[in-house]
Amino acid sequence: MMIKTVLHPVTDLAKAKAVYSALLGAEPTADAPYYVGFDVDGQHVGLVPGGGPQKLTTPVAYWHVPDIQAKLSEVTAAGAVVRDEPKDVGGGRLVATVTDADGNVLGLIQDS
């Protein structure tokens, strides 16, 4: 289990895309009006205009897990609160978020 995906809310997608392209030294691998993503060295960095449907207000790191339901059970038993239940975002990929005791948002991803 490791962090392999980080999503950043942005207000100006075109400007953010230019900055992240320069920072990462790569062009986007996904480029749509609702999402721009970069895949570099096993990491995925995503830009989400306006915080997207997740209403992100800060970057969110996503841990890739083999069983999202099992991990949700573990972290909620430890005190986390489910923010977004698992949902399929395409291709069988499930995503969910929880908050820790300080309100930090933690993401989980399970690939099919």
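None of the values given here were measured: they were computed from a predicted structure. Residue numbers run from 1 in the order of the sequence given.
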- Task: Please lay out, stage by stage, how L13 and L47 fare under the test side chain to side chain contact (heavy atoms under 4.5 Å, CB included).
- Result: CA-CA 7 Å; L13 191 59; L47 308 177; 3.9 Å; yes
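Here side-chain hydrogen bond (donor to acceptor under 3.5 Å, both in side chains) pairs that include residues 73-88, with residues two or more places apart or in two chains, are K71-E74, D84-T97.
Other cluster members for I109: L7, Y34, Y35, V48, L56, V60, Y62, V89, V95, V105, joined by side-chain heavy-atom distances under 4.5 Å among Ile, Leu, Val, Met, Phe, Trp and Tyr. The hydrophobic cluster containing M2, built from Ile/Leu/Val/Met/Phe/Trp/Tyr side-chain heavy atoms closer than 4.5 Å, comprises no other residue.
No donor-acceptor pair closer than 3.5 Å links the side chain of Q110 to the backbone N or O of V65. Side chain of D100 to main chain of D102: a donor-acceptor pair is present (N/O by atom type, distance under 3.5 Å, no hydrogens or angles).
Take D39 and apply the side chain to side chain donor-acceptor pair (under 3.5 Å) test, not counting sequence neighbours, and it matches T29, H44. Applying the side chain to side chain contact (heavy atoms under 4.5 Å, CB included) test to P28 and every residue at least two apart in sequence or in another chain returns K17, S21, D31, V36, F38. Annotation: ring-ring contact (aromatic ring centres under 6.0 Å, His included) contacts of Y20 (sequence neighbours excluded): H8.
Annotation: side chain of Q69 is in contact with side chain of P86 (closest heavy-atom distance under 4.5 Å).
Hydrophobic clustering, with ILVMFWY side chains joined whenever heavy atoms are under 4.5 angstrom apart, keeps V6 apart from V10. Cluster membership for V98 and V81, using ILVMFWY side-chain heavy atoms within less than 4.5 angstrom, is not shared. When hydrophobic clusters are built by joining Ile, Leu, Val, Met, Phe, Trp and Tyr residues whose side-chain heavy atoms come closer than 4.5 Å, directly or via intermediates, I3 is grouped together with L106.
The distance from the CD atom of Q43 to the CG atom of L24 is 10.0 Å, given to the nearest 0.5 Å.
Taking all atoms of both residues into account, the shortest heavy-atom contact from P33 to P49 is O-CG, 3.4 Å. The minimum heavy-atom distance between V40 and A26, with the atom names listed, is CG2-CB, 3.8 Å.
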